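Bear in mind the structure is a predicted one, so any value in this text is a computation, not a measurement. Both counts, for ligands and for their atoms, begin at 1 and track the order of listing.
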Amino acid sequence: MDVRKAVIPAAGLGTRQLPTSKAVPKELLPLIDRPLLHYIVEEALDAGLSQMVIVTSQGKDAMANYFDPAPQYEELLERRGETSLATAMRRVREEAEFIFVRQHQQLGLGHAVYTARNAVGDEPFAVMLPDDVIGGGEAPAIGELLDTATAHDASVIAVEQVPPERISSYGVVAPGEADGDAIRVLGMVEKPPAAEAPSDLGIVGRYVLTPELFGAMERVTPGAGGELQLTDGIALLLEEQPVYARRFTGTRYDAGNPMGMLRASVSLALRRSDIGPAFRAWLQDELAQG
Ligand code: G1P
């Protein structure tokens, strides 16, 4: 399956990151030393996706500004010896292409993805939610999904096991037979009450979808929270063609809220070869002091 485009929904209001999100798009909040949006673009590039379709909204122009080429800052960082940051900036500038699409009304995740339909066209595409940070895997999570999508020539959704007390915050998959890494999806439901969840497999914000999703989205009516849900669109898609779920090897953090952001920061910092050792030593000291 030849996938080139990543749709990155980033039009939401970010109410879980208030008050900061009053003035700064939550997708630009820094995780250690670069914005969440930067990580998602790096993950896409690592998996061979080069065209980023970012769905944005009024008041969030800072996201487009962030990706404007700025070689003068790369040079400045290099002069200061911060070469890995300079290299990261240069890579995004040289390898990624950006298309910004405006979502004028926040009608839901499914609607945000549908807003990207003309930019995507008639080809399979990835959807990557910048709130869902995935680190420490054997390969980029979206790359693992692309492998399964190519092997089965079908749409694939990322899932992970979710404890019962949190399952009602997720889209949940009704699983069928497993074929290696791929689990056939029989149905999906967005944010079900725990007692009605069809399994403990919650959807995580990485998807590879066929373009027929856009036709399915046209038939979706408002669902959970009164929103046009992507989960409901995929549930209609799987009436026409097979859809698979798969687990990924990394760890996922919900950076859409302050606690998740903190966990992601600590965990990613500990694993970094540059700052990790010093940070670990400091953290051990800090914990020892109680
Ligand atoms: C969205 C999806 C949901 C998925 C979740 C993962 O929900 O609608 O199916 O489980 O992302 O982060 P949100 O968290 O945006 O409400």
Close N/O pairs between ligand 1 and protein, under 3.5 Å:
unit_1: ligand 1; atom_1: 7 (O); unit_2: Lys191; atom_2: NZ; d: 3.3
unit_1: ligand 1; atom_1: 8 (O); unit_2: Glu190; atom_2: OE1; d: 3.3
unit_1: ligand 1; atom_1: 8 (O); unit_2: Glu190; atom_2: OE2; d: 2.8
unit_1: ligand 1; atom_1: 9 (O); unit_2: Gly171; atom_2: N; d: 3.0
unit_1: ligand 1; atom_1: 9 (O); unit_2: Glu190; atom_2: OE1; d: 2.7
unit_1: ligand 1; atom_1: 9 (O); unit_2: Glu190; atom_2: OE2; d: 3.4
unit_1: ligand 1; atom_1: 9 (O); unit_2: Thr231; atom_2: OG1; d: 3.3
unit_1: ligand 1; atom_1: 10 (O); unit_2: Gly171; atom_2: N; d: 3.0
unit_1: ligand 1; atom_1: 10 (O); unit_2: Ile203; atom_2: O; d: 2.6
unit_1: ligand 1; atom_1: 12 (O); unit_2: Asp132; atom_2: OD1; d: 3.3
unit_1: ligand 1; atom_1: 12 (O); unit_2: Asp132; atom_2: OD2; d: 2.8
unit_1: ligand 1; atom_1: 12 (O); unit_2: Arg252; atom_2: NH2; d: 3.2
unit_1: ligand 1; atom_1: 16 (O); unit_2: Lys191; atom_2: NZ; d: 2.7

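Listed by first then second residue, pairs satisfying side-chain hydrogen bond (donor to acceptor under 3.5 Å, both in side chains) with a partner in residues 6-20 read Arg16-Asp254, not counting sequence neighbours. Applying the ring-ring contact (aromatic ring centres under 6.0 Å, His included) definition to pairs two or more places apart or across chains, those involving residues 113-134 are Phe125-Phe214.
Looking at Ile32 and Ile275, their side chains come closer than 4.5 Å, going by heavy atoms from C-beta outward.
Residues passing the side chain to side chain donor-acceptor pair (under 3.5 Å) test with Tyr253 are Ser267, sequence neighbours excluded.
In this structure, a donor-acceptor pair under 3.5 Å is absent between the side chains of His111 and Glu227.
The aromatic rings of Phe67 and Phe100 lie tilted to each other, with the angle between the two planes from 30° to 60°.
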